Amino acid sequence: MRLSRTFIPTLKETPSEAQIASHRLMLRAGLVRQHAAGIYNWLPMGTRVLRNIEKIVREEQNDAGAQEIIMPTIQSGELWKESGRYDDYGPEMLRVKDRHDRDMLYGPTHEEVVTDIFRNNVRSYKDLPLNLYQIHWKFRDEVRPRFGVMRGREFLMKDAYSFDLSYEAARHSYNQMFVAYLRTFARMGLQAIPMKADPGPIGGDLSHEFIVLAETGESAVYCHKDLLSKPIPPVVDYASNLQPIVDDWTSAYAATDELHDKAKGKELGDDLISARGIEIGHIFHFGKKYSEPMGAQVASSAGEMVTPFMGSYGIGVSRLVGAIIEACHDDDGIIWPDMVAPYRVGLINLKVGDPDTDKVCGELYGKLKEIGLSALYDDRAERAGVKFSNMDLIGLPWQIIVGPKGLKEGTVELKRRATGERQTLPIDSVLSVLTGSQPGTGLS
RNA sequence: CGGGGUGUAGCGCAGUCUGGUAGCGCGCCUGCUUUGGGAGCAGGGGGUCGGAGGUUCGAAUCCUCUCGCCCCGACCA
């Protein structure tokens, strides 16, 4: 895109309501604008990042054997009365009445709906295992929304739900999601650490939170330092036994504040990392908590009706945008990891109107398109300083800087946002250097 | 939900105590000069001072009510 025709309302100063870095930068870089407390408009830059994150999540979910569906945002209260949560959930659930005075609600989560889909449509053990997911907006009427999109009331979430015939099979489904999550977050440039978690109101006996460390994290977390650099499992056969991978990741100590074992922490000594973390994913196994009361059953191979074991698996997609920025920024702005960046390359024309810079920029822009690297071309008639600071703020991973000075020597500059490192390169080699440094998926 | 703060132009703020009809910086528009890290000069547009009611000759300013937003805590993907 040409920057001159792209809607990126950047701000030089920080709106006073924004306290933490990610919130400030999301406003300043023109990703979002607040609509009401905890509710945001996503502008073009923010939307592109959201879509990139979704894409990674979707690919990894599909690889792990989950199938995408879309469930309604507005749900019938009746289902929640069946599961018993209509009264339990409290004022966090936004309740509305339709014109016939029926109890409806804006879904804060979808266990009830997916269980309803299951019981109405799945009859046989042959259809199991089944894992259905969606990437959709949810609403939880938080008492105190804060930190921008990190704790919004409306948020985009990937939620998957697994159905299995036995606990062992359910455990495998759980492990599949566990491994998929490690890969998913790694592709976004995050080292997420699985931590044993309290299942809370969703219930169940097996649960892990995926935490990314950041100063502004909402909860205190503790873990063995090895987990910070532990390599992510490469291509996995999701049908194989994944327990060794899960065991490997869960053998090192890691716990959130509530479950922190101080004695164990002491044992670790200097190996213990004490930090703050942001929860970006949460997986649960909760057995028959919903299938039982809602009467979801399938015929077993022996012809008996059996109640499936279930799990649910969430990723906070919109929260991830904030979490990634918390983990990846400096004083000048955002530093997008390659795979989620709204554009891979920022092309800066330092002297718009100069025939040489215009020509070279035009050619580079065309070639970037050809090789499939998304680029944002700053073709505005602004001063160099404005363009530099703006591009740093927006945080695209690479900048190609084209100015009359360099062109006299037949060169342009390639700048890596993360390191600030600049290379002066001949015009016709800049793209090959650039593509040579492109990561693939980050995983093989 | 307890405690604290705040609302004046797109953003950041002053003005409120002590009432006299709204101002500064940045951004925006025009022109000229500039042009490798948020330029200079000149001109211009933009505000029911969150809302309602009251006091007063007169209210951004005083009084009452109300709404929004932010922060700390408790709670939570």
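Side-chain atoms are counted along with the backbone in the values below, which use heavy atoms only and exclude waters and symmetry mates. What you see is a predicted model; the values in this text were computed from it and never measured.
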Chemist: Please tell me which of A:Ile315 and A:Phe388 maps to the more 5' nucleotide of RNA chain B, matching each residue to the nucleotide holding its nearest heavy atom.
Modeler: A:Phe388
Chemist: Could you work out the separation of B:G2 and B:G46 based on their C1' atoms and round it to a whole Å?
Modeler: 41 Å
Chemist: P atom, B:C32 versus B:A22: distance in rounded Å?
Modeler: 34 Å
Chemist: Determine whether a donor-acceptor pair (one donor, one acceptor, N or O, separation below 3.5 Å) exists between the side chain of A:Arg28 and the base of B:G38.
Modeler: yes
Chemist: Identify whether any heavy atom of A:Gly403 sits under 4.0 Å from a base atom; if not, whether one sits that close to sugar-phosphate; answer base, sugar-phosphate or nothing.
Modeler: base
Chemist: Any strand counts, and the cut-off is 3.5 Å on both contacts for Watson-Crick or G-U wobble. Which nucleotide pairs with B:U6?
Modeler: B:G68
Chemist: Rounding to an integer number of angstrom, what distance separates B:C41 and B:U34 when you compare their C1' atoms?
Modeler: 11 Å
Chemist: Please classify the nucleic acid contact of A:Lys415 as base, sugar-phosphate, or nothing, using heavy-atom distances under 4.0 Å.
Modeler: base
Chemist: Under 4.0 angstrom, heavy atoms only, what part of the nucleic acid is A:Ala36 near: base, sugar-phosphate, or nothing?
Modeler: sugar-phosphate
Chemist: Ignoring hydrogens and angles, answer whether the base of B:G25 and the side-chain atoms of A:Glu13 contain a donor-acceptor pair closer than 3.5 Å.
Modeler: yes
Chemist: Please name the nucleotide paired to B:U30 by Watson-Crick or G-U wobble geometry with both distances under 3.5 Å, or report none.
Modeler: B:A42
Chemist: Would you say A:His110 and A:Gln75 make side-chain contact, with heavy atoms under 4.5 Å?
Modeler: yes
Chemist: Separation of A:Asp378 atom CG from B:G37 atom P, in whole Å?
Modeler: 15 Å
Chemist: Write down the partner of B:U35 under the Watson-Crick or G-U wobble criteria, each distance required to be under 3.5 Å.
Modeler: none
Chemist: Could you tell me how far apart A:Glu218 (CD) and B:A74 (C1') are, to the nearest whole angstrom?
Modeler: 13 Å
Chemist: Whole angstrom is fine here: how far is it from CD in A:Glu258 over to C1' in B:A77?
Modeler: 13 Å
Chemist: Rounded to the nearest angstrom, tell me the gap between atom CG in A:Leu25 and atom P in B:C11.
Modeler: 18 Å
Chemist: Taking atom C1' in both B:C62 and B:U18, what distance in whole Å separates the two?
Modeler: 11 Å
Chemist: If the cut-off is 4.0 Å, is A:Gln34 near the phosphate of B:C70, judged by side-chain N/O to OP1 or OP2?
Modeler: yes
Chemist: Can you tell me if A:Lys12 touches the phosphate of B:G27, counting only side-chain N or O atoms and a distance under 4.0 Å to OP1 or OP2?
Modeler: yes
Chemist: Do A:Tyr89 and A:Trp80 have their ring centres less than 6.0 Å from each other?
Modeler: yes
Chemist: I need the CG-C1' distance between A:Leu27 and B:G12, as an integer number of Å.
Modeler: 13 Å
Chemist: Taking atom NZ of A:Lys97 as the centre, does the number of heavy atoms from other residues, nucleotides or ligands within less than 6.0 Å exceed 12?
Modeler: yes
Chemist: Using a cut-off of less than 4.0 Å, is there contact between a side-chain N or O of A:Arg383 and OP1 or OP2 of B:A39?
Modeler: yes
Chemist: Looking at side-chain heavy atoms only, is the closest gap between A:Leu320 and A:Ile315 below 4.5 Å?
Modeler: yes
Chemist: Quick check on A:Lys351: does its NZ atom have over 12 non-hydrogen neighbours (other residues, nucleotides or ligands) under 6.0 Å away?
Modeler: no
Chemist: Whole Å only: how far is the CG atom of A:Asp392 from the C1' atom of B:G36?
Modeler: 13 Å
Chemist: Assert yes or no for the condition that the ring centre distance of A:His208 to A:Phe210 is strictly below 6.0 Å.
Modeler: no
Chemist: Using the C1' atom in both, what is the distance from B:U55 to B:C71, to the nearest Å?
Modeler: 34 Å
Chemist: Mind checking the C1' distance from B:G25 to B:G68? Whole angstroms is fine.
Modeler: 26 Å
Chemist: B:C11, OP1 or OP2 - any side-chain N/O from A:Thr14 closer than 4.0 Å?
Modeler: no
Chemist: Just compare B:C72, B:A77, B:G37 and give me whichever is closest to any side-chain atom of A:Met157.
Modeler: B:A77
Chemist: Have a look at A:Gln19 and say if it touches a base, only the backbone sugar-phosphate, or nothing, with a 4.0 Å heavy-atom cut-off.
Modeler: sugar-phosphate
Chemist: With sugar-phosphate meaning primed atoms plus P, OP1 and OP2, does A:Gly152 contact a base, only sugar-phosphate, or nothing at under 4.0 Å between heavy atoms?
Modeler: base
Chemist: So with a 6.0 Å cut-off around NZ of A:Lys264, is the heavy-atom count from everything else above 12?
Modeler: no
Chemist: Around atom NZ of A:Lys55, are there more than 12 heavy atoms of other residues, nucleotides or ligands at under 6.0 Å?
Modeler: no
Chemist: Return the 5'-most residue of the pair A:Gly406, A:Val149 with respect to RNA chain B, ranking by each residue's nearest nucleotide.
Modeler: A:Gly406
Chemist: Out of B:C1, B:G38, B:G36, which has the shortest distance to the side chain of A:Leu350?
Modeler: B:G36
Chemist: Which of these nucleotides, B:A77, B:C69, B:G38, is closest to any side-chain atom of A:Phe155?
Modeler: B:A77
Chemist: May I ask you to check whether A:His224 and A:Tyr253 place their ring centres under 6.0 Å from each other?
Modeler: no
Chemist: Counting the atoms with a prime plus P, OP1 and OP2 as sugar-phosphate, which does A:Gly281 contact under 4.0 Å by heavy atoms, base, sugar-phosphate, or nothing?
Modeler: nothing
Chemist: At 4.0 Å (heavy atoms only), tell me whether A:Asp159 reaches a base, stays on the sugar-phosphate, or touches nothing.
Modeler: nothing
Chemist: Say you pick atom C1' in B:G23 and the same atom in B:A60; how far apart are they, in whole Å?
Modeler: 12 Å
Chemist: I want to check one thing: is the phosphate of B:C72, taken as OP1 and OP2, less than 4.0 Å away from some side-chain N or O of A:Arg144?
Modeler: yes
Chemist: Write down the distance between CD (A:Gln399) and P (B:G37), rounded to a whole number of angstrom.
Modeler: 14 Å
Chemist: Return the nucleotide paired to B:U56: Watson-Crick means purine N1 to pyrimidine N3 with N6-O4 or O6-N4, wobble means G-U with N1-O2 and O6-N3, both under 3.5 Å.
Modeler: none
Chemist: B:C69 C1' sits how many Å from A:His23 NE2, rounded?
Modeler: 11 Å
Chemist: Look through every strand shown and name the nucleotide pairing with B:C11 as Watson-Crick or G-U wobble, where both distances are under 3.5 Å.
Modeler: B:G25
Chemist: Just N and O in the side chain of A:Ser16: are any of them under 4.0 Å from OP1 or OP2 of B:C70?
Modeler: no
Chemist: How far does the P atom of B:G47 sit from the matching atom of B:A42, given to the nearest Å?
Modeler: 25 Å
Chemist: Ignoring the backbone of A:Arg151, work out which of B:C69, B:A77, B:A74 is nearest its side chain.
Modeler: B:A77
Chemist: Can you tell me the base-pairing partner of B:G47? Count Watson-Crick or G-U wobble geometry only, both distances below 3.5 Å, and say none if there is no partner.
Modeler: none
Chemist: State which of B:C72, B:G38, B:G12 makes the closest approach to the side chain of A:Ser389.
Modeler: B:G38
